[in-house]
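The figures that follow rest on heavy atoms only: side chains count, while hydrogens, waters and symmetry mates do not. Since the model is a prediction, treat every value here as computed from it, not as a measurement.
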Amino acid sequence: MCGRYTLVVAQDELEARFDARVREDGAESSFSPRYNMAPGQQLPVITNEQPETIRRLEWGLVPSWADDDSGGLINARAESVAEKPSFRGAYEQRRCLVPADGFYEWVDTAEGKQPYRVSFDDGRVFAMAGLWERWEPETTQTGLDAFGGGVADGTESGPLETFTIITTEPNDLVADLHHRMAVILEPDTEQRWLTGEAGHDVLEPCPADGMCAEPVSTAVNDPSTDEPSLIEPVETG
């Protein structure tokens, strides 16, 4: 699975890499390097609906038909993503790119679980294949109209936009850490993934050549910790 990842580049580098601009309205007016991106957070993605914009969606996909917005799905298996009801519609119509420059995996050791950060040797930014959804809450009726008379005081929060990261079999490097890994798209397939031209054939493990896995501090276990020291290699016993 992919449960934590990083994106530590500057905003101008991110925008140049994907030829897209960070959305500039309210809280989405800037981007800061992130060292511990976790489920439930609002994180940068590029959707097929707005391919020229880097937006923030919540990590943990909530299907549009769900009764409520709980239980978001952080990963989707490549093998079943086109058929599973939770993802089928998004696979056909709502794809996204999830920018990253590394991701974490944990390995069982005699001393406990040891986190590793997996990245490319040159620190390049890459795109993980993702899907996104828009979940609309139902209007809540209050006041006299709720009892059959008077004028309704309807209240409704805005739509919830969420995403998930597609996973596949691991490459030779990640296989030593975990039995799944995120689908890392080749740069020349990113736009094809967004437009729907690319199908299941691109949801394969990326080659391990040029990648590395380094042990990092267990401080990354706390999703509220987000600081540069998290990506620094540590010595292991």
Side-chain angles (χ1 to χ4, degrees), residues 2-62 64 69 72-76 87 89-104 117-120 122-136 157-166 182-198 202-203 206 223 226-228 230-231:
C2 179
R4 301 282 183 82
Y5 64 100
T6 65
L7 184 60
V8 305
V9 297
Q11 179 174 326
D12 57 348
E13 295 178 71
L14 179 64
E15 292 177 328
R17 167 62 176 80
F18 292 101
D19 192 22
R21 306 292 292 179
V22 171
R23 182 170 173 175
E24 301 203 5
D25 63 313
E28 296 190 304
S29 61
S30 63
F31 168 80
S32 299
R34 297 292 304 276
Y35 302 88
N36 195 6
M37 302 165 106
Q41 297 177 351
Q42 297 283 328
L43 303 174
V45 301
I46 301 165
T47 67
N48 62 315
E49 186 177 75
Q50 298 181 40
E52 73 291 341
T53 304
I54 301 170
R55 308 169 54 204
R56 285 184 176 85
L57 275 61
E58 183 176 313
W59 187 11
L61 186 142
V62 176
S64 60
D69 60 355
L73 305 165
I74 68 170
N75 290 153
F87 306 121
Y91 176 79
E92 295 173 352
Q93 301 180 28
R94 288 173 293 280
R95 298 182 178 187
C96 64
L97 304 177
V98 183
D101 53 20
F103 58 90
Y104 297 106
R117 180 173 180 256
V118 181
S119 63
F120 284 94
D122 58 8
R124 77 186 72 165
V125 176
F126 52 85
M128 299 182 288
L131 306 173
W132 70 281
E133 268 290 3
R134 181 179 290 119
W135 180 83
E136 299 274 0
S157 59
L160 174 66
E161 294 182 326
T162 59
F163 74 95
T164 191
I165 295 170
I166 299 177
V183 172
I184 297 175
L185 296 168
E186 294 290 342
D188 61 359
T189 66
E190 292 169 0
Q191 290 304 311
R192 293 177 52 237
W193 170 253
L194 276 186
T195 61
E197 295 175 37
V202 303
L203 302 182
C206 71
D226 191 1
E227 57 189 40
L230 294 183
I231 66 173

(message) So does Q93 get a backbone contact from the side chain of N48, meaning a donor-acceptor N/O pair under 3.5 Å?
(response) yes
(request) If a pair satisfies salt bridge (charged side-chain N to carboxylate O under 4.0 Å, His left out) and one of its residues is in residues 5-17, list it, with sequence neighbours excluded. (result) E15-R21, R17-E190
(request) Go through the structure and list residues passing side chain to side chain contact (heavy atoms under 4.5 Å, CB included) with E58, not counting sequence neighbours. (result) Q42, L160, T162
(request) Kindly give the heavy-atom pair with the smallest separation between G123 and D101, and that separation in Å. (result) O-CB, 4.1 Å
(request) Could you tell me the separation between the CG atom of L131 and the CD1 atom of I165, rounded to the nearest 0.5 Å? (result) 10.5 Å
(message) Looking at L61, is its backbone amide N or carbonyl O close enough to the side chain of E133 to form a donor-acceptor pair, meaning the two atoms are under 3.5 Å apart?
(response) no
(request) To the nearest 0.5 Å, tell me how far F103 CZ sits from M128 CE. (result) 8.0 Å
(request) Could you tell me which residues satisfy side chain to side chain contact (heavy atoms under 4.5 Å, CB included) with E197, sequence neighbours excluded, listed by chain and number? (result) R192, T195
(message) I need the R4 CZ to W59 CH2 distance, nearest 0.5 Å.
(response) 8.0 Å
(request) Looking only at non-hydrogen atoms, find the nearest pair between Y104 and Y35 and report the distance. (result) OH-O, 2.7 Å
(message) Please determine whether side-chain contact (heavy atoms from CB on, under 4.5 Å) holds for the pair T164 and F87, giving the CA-CA distance in whole Å, both sets of side-chain angles, and the decisive distance to 0.1 Å.
(response) CA-CA 9 Å; T164 191; F87 306 121; 4.0 Å; yes
(request) Return the minimal non-hydrogen interatomic distance between G130 and V98, and the atom names on each side. (result) CA-CG2, 4.3 Å
(request) Could you pull out all residues at least two apart from D188 that satisfy salt bridge (Lys or Arg N to Asp or Glu O under 4.0 Å)? (result) none
(message) Between S64 (side chain only) and W135 (backbone N and O only), is there a donor and an acceptor less than 3.5 Å apart?
(response) no
(request) State, yes or no, whether a side-chain contact exists between W193 and I166 at a heavy-atom distance under 4.5 Å. (result) yes
(request) Check whether any side-chain heavy atom of T47 sits under 4.5 Å from a side-chain heavy atom of F163, and report yes or no. (result) no
(message) Salt bridge check, E49 against R94: does any charged N sit closer than 4.0 Å to a carboxylate O?
(response) no
(message) I need the minimum non-hydrogen distance between P51 and I46, along with the two atoms involved.
(response) O-CG2, 3.5 Å
(request) Could you tell me which residues satisfy side chain to side chain contact (heavy atoms under 4.5 Å, CB included) with D19, sequence neighbours excluded, listed by chain and number? (result) none
(message) Using 0.5 Å steps for rounding, measure from the CD1 atom of I184 to the OG1 atom of T189.
(response) 11.5 Å
(message) Show the nearest heavy-atom pair for residues M37 and T6, with the distance to one decimal.
(response) SD-C, 3.8 Å
(request) Would you please name every residue forming a side chain to side chain contact (heavy atoms under 4.5 Å, CB included) with E227, sequence neighbours left out? (result) T225, S229, L230
(request) Find the distance between CG (L185) and CG (L97) and round it off to the nearest 0.5 Å. (result) 6.5 Å
(request) Please examine the side chains of L14 and F31, heavy atoms only from C-beta on, and report whether any two atoms are closer than 4.5 Å. (result) yes
(message) Ignoring hydrogens, what is the shortest heavy-atom contact between C2 and A182? Give both atom names and the distance.
(response) CB-CB, 4.1 Å
